[in-house]
Structures are given as structure tokens and as C-alpha cells.
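This report concerns only the one structure given below.
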2 protein chains.
Amino acid sequence: MVMRTRGGRRAGDSGSRDAILAAARDRFAGHGYDGATIRAIAADAGVDPALVHHYFGTKEHLFVSALRLPIDPRQMVAQVLDAGPRRELGERMVRFFLRVWGDERSRAPVLAMIRSAATNEQAATMVRQFVTSALLSRVTDGIGVPRLRVEAAVAQLIGIALLRYVVKVEPMASAPDEELVALVAPLIQRILDET
Amino acid sequence: MVMRTRGGRRAGDSGSRDAILAAARDRFAGHGYDGATIRAIAADAGVDPALVHHYFGTKEHLFVSALRLPIDPRQMVAQVLDAGPRRELGERMVRFFLRVWGDERSRAPVLAMIRSAATNEQAATMVRQFVTSALLSRVTDGIGVPRLRVEAAVAQLIGIALLRYVVKVEPMASAPDEELVALVAPLIQRILDET
DNA sequence: GTCTATAATCGGATAGAC
DNA sequence: GTCTATCCGATTATAGAC
């Protein structure tokens, strides 16, 4: 029968494990670590709560499993930095940012990190380490910009994400991507350019 | 005995009510609405949990009581807008922003709103209405800047608050106020200036 | 693989004594 | 004004049957 050594679904598996992971991503994204309950995740996935423990052990383990990004951050950063001329870096960053937040699959883990970090100290530490090592350090190393400036640019983007996708303030929430690019790309570019 | 009609402490009051309010502000600020428990608030205040209900009824009522800002937002906005020449508006906004976040008394309610809005839908609605009516509308009316631009400026400041005071990323978290003013004020000014 | 049953804890809220 | 006692619901987690 079907029996692979790597990848794919193992023999005997139903789709429950993946269903749990998908439901967990949604719940963590929507309510943060503390607000997402195993019972609700199980209900969303259509399985028994005990099955969640059977697959993932503790809630914390489920959290880190659910947050594994579908793409590799280091690869993404390198791509954004090198995909064109330096004078268009601001625009590339804004477009990349909007693409991540526009796609449900990548938005859920990021939203989960933000929502959880806001109220859970352990999650905040995870986010701090991730932002520092996976993003800031690579960007700072890749281009010759002082770290405080890179952080100011990141702050601009995170603030927009908060107003647009979490608090949902108008007209920011409904503005088309292109309008945001036209507005924000020059701002980011300027932050990075002035030594 | 002592018996005033307005202001001051009423006869028979101990300091418990104020102690509860102060503890509630800290807890809501530190853990968000859902994460702050009445039992913990009571413990911080050194009183019995039942006393919290005695004074404030439900947890929700306690929340809105704890979040009454010590200053009036409409007054603050007007002051920032009119306190100097238009070309220094960016600097005034940044300095005001840093003053609010630098003082514990004003930081606690703002932090509580952010942390709660991140995971609690009801709190998010409160924040959205507050940001829209109390801040954005007044600023947009006061100066002739499109709302989307004002929101971009607010996003820049909120993002900085997040990195500096919540996630605590270095060097943003430890940078002196003046360094941030020098870096950010021109950015805000530019957002507001270009039609 | 999946579920039942249950332990152990913690949450908000209330009634009522003092 | 303040506290004791308690109700009732929800939570994570485990043991074990099927």
C-alpha cells in the first residue's frame, strides 16, 4: 500500500492532524495564545479535544507547530533585498509586506504572533527573538543602514498592519494595495536612504 | 464631619476604591482585558474580590472605569495642533507621543486599550471608535490633510510604541527620546506635508 | 485513531453575615 | 465597607476503554 519514507500522509492517517493544525492557526490568529482554547480548536476541526493532546501533547507545542511559517524568512528577506535596484527597495518592501498580509495562509501565523505577543509574555519573547534574528539582523547586514532606522521602517509597516487588519480603521482598511504602495513606498525609501 | 458635595473622598470611604482602580489599570495594561482577572486585581489592591464587584458590578464596568483617561483627548489634540507653526507639527506630535508613553499614569490606559483590543473584539470596537472620533476626525478637521495620510502618520507612531514599549526591541527600546525625535519628527512632517 | 470520563484548577458572580 | 462561603461554568490535561 501507500508507504512513503518522507513527506505526504502516512498510512493510516486520516486528515485530522492537518485539520487540527489549520483550526489552531485560525484560532491563535483570531484570539491570541491565551484566548484560543483547545476545545474550540477541536470543535473547529471536527474532532475530540483529547485527540489534540494525542497529536501535539501540550497547548504550547501545538502553538509552535501551528506557527511554522509556510515559507522561510531568511530566503524571503534575501529575495526582497536583492530583487532590484537599491532605490526601489522601499517599494519592494511595501509590496512584499502587502502580499504577506493579503494572503490568508501567511497572514494567520503573523496575526497569531502579534495577538499572542500582545498579552502573553512568553509569546512576546518569541516574537522579539524572531524579529531580531530573522529579520532585523539580516536586513541590517544586507544593506548599510543603522539598525534604529531599519526599526523605524518596520514600525511604519507594523503600524499600518495594525490599523488596516486588526483595528480596521477606515479608509486604511479598505484602501486598495496600489494606493498604499504609492503613499508608503516613498516614506520607507526615505527612512532607509538618509544615512 | 467631613461631607463635601463635589470632589474629594466621601465620608466613610477608605482608599480601597482608588486602590482597586489603580490595580485594575495595571492589570489591564499588562495582560489585556481577558488576561486580567478580578481576583488578581483584588490581590494587588489588597482587598477581597467580592469588594471589587461591590464597587463596580461587572468586570466590563470596571474596565471602562479604569480606562477613563486622566486628561481630555480633545483638549490634547487641539493643543498639539495649535501650539506652534505648522512646519513643526511633526515634532510636536512626536514629543507629545513620547510624553504620553513616558509617563506611567497615561501609559497604563493606552497600553490597556492596545492589549485588550488585540484579543478582545469588544475592546477592539471601543478602540476603533475612540481612534476615529476622538483623534483622527479632529486632526483631519483641524489641518487640511487627507485622512489616509493622517492614519499613516498615526501608524508610524503606533508601530514605534509597539516595538519600543511592548515587544521591546533594541536599540529602539533604549534609545533616548531626543534621538527618536530627531529621527521620526521629519518623517511625520513629510507625511503630513506632501498634499 | 478516536472517544468517554474525570481530575484539578481557575474564572466571574452572588447571597448574606458582620 | 468588608469578607466568608459558595455556585456554576470553562479550562488543560490524563487514564484508559474501544
Side-chain angles (χ1 to χ4, degrees), chain A residues 1-4 8-24 26-28 30-66 112 115-116 119-123, chain B residues 1-4 8-28 30-67 112 115-116 119-123:
Chain A
M1 291 296 294
V2 186
M3 191 61 169
R4 301 189 189 88
R9 176 182 295 175
R10 282 191 298 276
D13 272 353
S14 71
S16 293
R17 201 192 134 95
D18 290 343
I20 292 170
L21 273 180
D26 281 357
R27 282 281 160 180
F28 285 130
H31 305 273
Y33 182 82
D34 295 317
T37 70
I38 289 190
R39 291 164 126 88
I41 291 169
D44 287 355
V47 303
D48 192 274
L51 200 58
V52 179
H53 287 107
H54 173 67
Y55 277 121
F56 299 98
T58 68
K59 181 180 182 180
E60 195 174 340
H61 193 336
L62 173 61
F63 184 67
V64 306
S65 299
R115 287 219 155 97
S116 303
T119 52
N120 188 287
E121 191 50 49
Q122 224 172 338
Chain B
M1 290 302 293
V2 186
M3 191 59 170
R4 300 189 187 86
R9 176 181 296 174
R10 282 193 298 277
D13 272 353
S14 71
S16 292
R17 201 191 134 95
D18 290 344
I20 291 171
L21 274 179
R25 258 188 288 267
D26 281 355
R27 282 281 162 179
F28 284 130
H31 305 273
Y33 182 82
D34 295 316
T37 68
I38 289 190
R39 290 164 132 91
I41 291 169
D44 287 355
V47 304
D48 191 276
L51 200 58
V52 179
H53 286 108
H54 174 67
Y55 277 121
F56 299 97
T58 68
K59 182 180 182 180
E60 195 175 339
H61 193 338
L62 173 62
F63 183 67
V64 306
S65 300
L67 253 59
R115 287 218 156 100
S116 303
T119 52
N120 188 286
E121 193 49 50
Q122 223 172 339

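Reminder, nothing fancy here: chain letters follow the sequence lines and each chain counts from 1. Note: hydrogens, waters and symmetry copies are ignored here, and every other heavy atom, side chains too, is used.
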Can you figure out which of [options] approaches the side chain of [X] most closely?
| X | options | answer |
| --- | --- | --- |
| A/His53 | D/dA13, C/dG11, D/dC3 | D/dA13 |
| A/Ala50 | C/dC3, C/dA13, C/dT2 | C/dC3 |
| B/Asp48 | D/dT2, C/dT4, D/dC3 | D/dC3 |
| B/Arg39 | C/dG12, D/dA13, D/dC3 | C/dG12 |

message: By the 4.0 Å heavy-atom rule, please label B/Leu51 as base, sugar-phosphate, or nothing.
response: base
- request: Identify whether any heavy atom of B/Ala40 sits under 4.0 Å from a base atom; if not, whether one sits that close to sugar-phosphate; answer base, sugar-phosphate or nothing.
  value: nothing
Nearest-Å distance, [atom1] ([X]) to [atom2] ([N])?
| X | N | atom1 | atom2 | value |
| --- | --- | --- | --- | --- |
| B/Lys59 | C/dC10 | NZ | P | 16 Å |
| A/Asp34 | C/dC10 | CG | P | 15 Å |
| A/His61 | D/dA13 | NE2 | C1' | 15 Å |
| B/Phe63 | C/dA13 | CZ | P | 14 Å |
| B/Ile41 | C/dC10 | CD1 | C1' | 15 Å |
| B/Arg27 | C/dC10 | CZ | P | 14 Å |
| B/Tyr33 | C/dG11 | OH | C1' | 12 Å |
| B/Ile38 | C/dT14 | CD1 | C1' | 12 Å |

- prompt: For the residue pair A/Phe28 and A/Tyr33, does the interplanar ring angle fall in the parallel (under 30°), tilted (30 to 60°) or perpendicular (over 60°) class?
  reply: parallel
- request: Please report the C-alpha distance between B/Asp44 and B/Asp26 in whole Å, then the side-chain angles of each, then the deciding distance to 0.1 Å, and finally whether the side-chain contact (heavy atoms from CB on, under 4.5 Å) criterion is met.
  value: CA-CA 9 Å; B/Asp44 287 355; B/Asp26 281 355; 5.5 Å; no
Do the side-chain N or O atoms of [X] get closer than 4.0 angstrom to the phosphate oxygens (OP1, OP2) of [N]?
| X | N | result |
| --- | --- | --- |
| A/Tyr55 | C/dG1 | no |
| A/Thr37 | D/dA10 | no |
| A/His54 | C/dG1 | no |
| A/Thr58 | D/dA13 | no |

- request: Decide side-chain contact (heavy atoms from CB on, under 4.5 Å) for B/Leu21 and B/Tyr55; before the verdict, give the C-alpha distance in whole Å, the side-chain angles of both, and the deciding distance to 0.1 Å.
  value: CA-CA 10 Å; B/Leu21 274 179; B/Tyr55 277 121; over 6 Å; no
query: Backbone N or O of A/Thr37 within a donor-acceptor pair of the A/Lys59 side chain at under 3.5 Å?
result: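 Not confirmed, A/Lys59 side chain does not pair with A/Thr37 backbone.
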query: Quick check: does any side chain N or O of B/Arg115 sit under 3.5 Å from a backbone N or O of B/His31, one acting as donor and the other as acceptor?
result: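 Checked: no pair found.
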